[in-house]
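Following: one structure in structure tokens, then a few remarks.
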Amino acid sequence: MINFSPRVRFAPSPTGYLHIGGLRTALFNYLFAKHNNGKIVLRIEDTDRNRFVEGAVENLIEILDWSGIYFDEGPTQGGDYGPYFQSKRLELYHSYTKKLLDDKKAYRCFCSPERLKELRESQQKQKLPQIKYDKHCLNLSEDEIQNKLNNNERYVIRLNVQPGELVHVNDIVRGRVEFNTDNIDDQILIKSDGYPTYHLANVVDDHLMKITHVIRGEEWLSSTPKHILLYDYLEWEHPVFAHLPLLLNTDKSKLSKRQGDVAVEDYRDKGYLKETLINFVALLGWNAGDDQEYYDMEELIKKFTLERVNKSGAVFNIEKLNWLNGEHIRKKTIDDLLPELKKLLRSSKYEELSLTDEYLRLVLTAMHERITFVKDIITNSWYFFERPTQYDEKTIKKRWKNDSESLLKQFLDSVEGLENPTKEDFETVLKKVTENNNVGLGRLIHPLRLALSGVGYGPGIFDLIYILGKEEVVERIKKGLDILPKLKNDIQN
RNA sequence: GGCGCGUUCGUCUAGUGGCUUAGGACGCCGCCCUCUCAAGGCGGAGAUCACGGGUUCGAAUCCCGUACGCGCUACCA
């Protein structure tokens, strides 16, 4: 535990969805803040007007909220350091740019995109070690600048990086990382549309919002020296940095849209629990040092420290994610799962069915240990919602014997004589039939399951019978008796 | 190309100089449980700790080099 109250931020740009890597970054910020009794702020980095996406911010906030990552300050809850949209903080950036300009730490650049492009290409052709701006506009005289300004020429503002110096970052996860300013370009701070670039905005905001720890993805490590320079030129103390390892595709490249789902909402829509996603993503790049794999948010908060974050990238492995979802589903109660099942049923082909909560609870209880997703109940145990219309061939072949028809008939007769049977009544009757015929239980159970469900797998037979109920069981046996002997015959010929 | 970061079973990882014949998890295989399928339990295969040099009595662990991978290299974030 650090001995002061830290302030961290999650600063996504509203691209339309929350990237799973973004969720991990948000989570690590959240865990760090909560573990240390600090505050976490949500700040929207919407400085790229070309990338404006309608509704993106609302969607971002909604999915973050769904995930269980709650912010102390941000667009919805407000706070003392707002506004929390960078697009609403333009004057702030300009006032600090003015100071930079006055101190000659930044300068106006009137170069056209065309000249920049040519410059880059010629540097490339000359095989220069690094490609960067040639400080051409730094040599403009005051008069020239004034002239261009009066002519309303478009310009950007660049950071005036002093070459030949060493800048270092003390990164919590990577240790000391050094950079030579010879390799650092005169970064554009203000674009010609008057909006700041990420580099300027994030430094100004982090300072003004009193951010103590910048926890972000490794893709930012290379531009951190620019940020350090900015803090130095503005004479501000810099925050502590922690660059998180990247989340990777199976081919080890940065997790991207092209190779599968990357949006948190994709996973949510597929039926992953938020608990699963949080648990899984926490273990990608972090480990408490023990063998624990199952976590809830509370435990994560208790155990999380930045010092135990790994350095190397982690492949996002769906197999393990699936297993974890099963684990979290098994930890849920039936009543936790019920609303989700009802929701899924409403949007399935069984939407017209009027099923009681009591019935669904029984189904849920029977299937609880057998599913990875709640939706598996509908896809794997559809026989709870409709009579079998076809019967699995392999199971018929394996389970339908010469005496199956006779045994099933006897069972049917006995069941029809039962009044308000309990699960035990069914069991007694079934045992009686097998005893009378001097055969093992399985001899009747398997054909019965086939008749009731059409498949060879599923919950215990007595649960199945009990859930379906006497009337339905009778109907299904009759139907099975009608069809199964014929099917068996067809298969054999 | 330049700069930076990384490299332990297929994957996620434990390991911070002797406790390691490198431990766990997912997945895979087998056995047990059992009316089936799961769940659960037990066991197995699977890593010359990227490679090469050092340092040390002793290295996955420290140092150097090489290779490979990845990231950044935009008036994107």
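Here the structure is a predicted model, which means the values were calculated and not measured. Basis for what follows: all heavy atoms, side chains included, without hydrogens, waters or symmetry-related copies.
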[N] to [M] separation - [atom1] atoms, rounded to the nearest Å:
| N | M | atom1 | result |
| --- | --- | --- | --- |
| C28(B) | C68(B) | P | 35 Å |
| G40(B) | C26(B) | P | 8 Å |
| G27(B) | G71(B) | C1' | 29 Å |
| G53(B) | U13(B) | P | 30 Å |
| U56(B) | C62(B) | C1' | 10 Å |
| U73(B) | G30(B) | P | 50 Å |
| A60(B) | C19(B) | C1' | 15 Å |
| G69(B) | U11(B) | P | 15 Å |

Report summary line: Applying ring pair (Phe, Tyr, Trp, His ring centres under 6.0 Å) to Phe52(A) and not counting sequence neighbours gives none

Requested in this report: Just jot down the ring pair (Phe, Tyr, Trp, His ring centres under 6.0 Å) partners of Phe71(A), sequence neighbours excluded, or say none.
Outcome: none

Query - CD1 on Ile131(A) to CG on Asn183(A), rounded to 0.5 Å - result: 12.0 Å

**Report entry** Spacing of Asn59(A) atom CG and Glu265(A) atom CD [to the nearest 0.5 Å]
**Finding:** 4.5 Å

Query raised in the report: Should Asn202(A) and Glu45(A) be marked as a side chain to side chain donor-acceptor pair (under 3.5 Å) after you check the CA-CA gap, both sets of side-chain angles, and the distance that decides it?
Result: CA-CA 8 Å; Asn202(A) 107 89; Glu45(A) 310 244 341; over 6 Å; no

Identify whether any heavy atom of [X] sits under 4.0 Å from a base atom; if not, whether one sits that close to sugar-phosphate; answer base, sugar-phosphate or nothing.
| X | value |
| --- | --- |
| Val177(A) | sugar-phosphate |
| Thr395(A) | nothing |
| Glu319(A) | sugar-phosphate |
| Ser192(A) | base |
| Lys127(A) | nothing |
| Asn310(A) | sugar-phosphate |
| Thr47(A) | sugar-phosphate |
| Phe179(A) | sugar-phosphate |
| Glu178(A) | sugar-phosphate |
| Ser222(A) | base |
| Arg399(A) | sugar-phosphate |
| Pro245(A) | nothing |

Query raised in the report: Which residue pairs pass the side-chain hydrogen bond (donor to acceptor under 3.5 Å, both in side chains) test when at least one of the two sits in residues 220-231 of chain A, sequence neighbours left out?
Result: Gln187(A)-Lys226(A), His199(A)-His227(A), Arg216(A)-Thr224(A), Arg216(A)-His227(A), Thr224(A)-His243(A)

**Report entry** Nearest-nucleotide comparison on RNA chain B, the residue closer to the 5′ end among Gln130(A) and Ile188(A)
**Finding:** Gln130(A)

Query raised in the report: Which comes earlier along RNA chain B counting from the 5' end, the contact point of Val315(A) or that of Arg370(A), where each point is its nearest nucleotide?
Result: Val315(A)

Regarding [X] and the six-membered ring of [Y], is the cationic atom NZ or CZ under 6.0 Å from the ring centre and inside 45° of its axis?
| X | Y | result |
| --- | --- | --- |
| Arg24(A) | Phe28(A) | yes |
| Lys331(A) | Tyr294(A) | yes |
| Lys270(A) | Tyr272(A) | no |

Query raised in the report: Taking RNA chain B as the partner, which of residues 440-459 of chain A come within under 4.0 angstrom of it by heavy atom?
Result: Ile445(A), His446(A), Arg449(A), Gly456(A), Tyr457(A), Gly458(A), Pro459(A)

Query raised in the report: Does any residue of residues 321-333 of chain A have a heavy atom under 4.0 Å from RNA chain B, and if so, which ones, in number order?
Result: Trp323(A), Glu327(A), Arg330(A)

Query raised in the report: Can you list the steps and then say if Phe280(A) with Tyr267(A) is a ring-ring contact (aromatic ring centres under 6.0 Å, His included)?
Result: CA-CA 12 Å; Phe280(A) 185 66; Tyr267(A) 289 92; 8.9 Å; no

Query - Ionic contact status for Glu393(A) with Lys397(A), cut-off 4.0 Å - result: no

Query raised in the report: Below 6.0 angstrom between ring centroids: does that apply to Tyr93(A) and Tyr195(A)?
Result: no

Query raised in the report: Mind checking whether Leu283(A) and Tyr295(A) have side chains closer than 4.5 Å, heavy atoms only?
Result: yes

Query - Heavy-atom contact window of chain A on RNA chain B, given 5' to 3' at under 4.0 Å - result: G1(B) to A77(B)

Query raised in the report: Taking a pair as Watson-Crick or G-U wobble with both distances under 3.5 Å, which nucleotide is matched to U7(B)?
Result: A67(B)

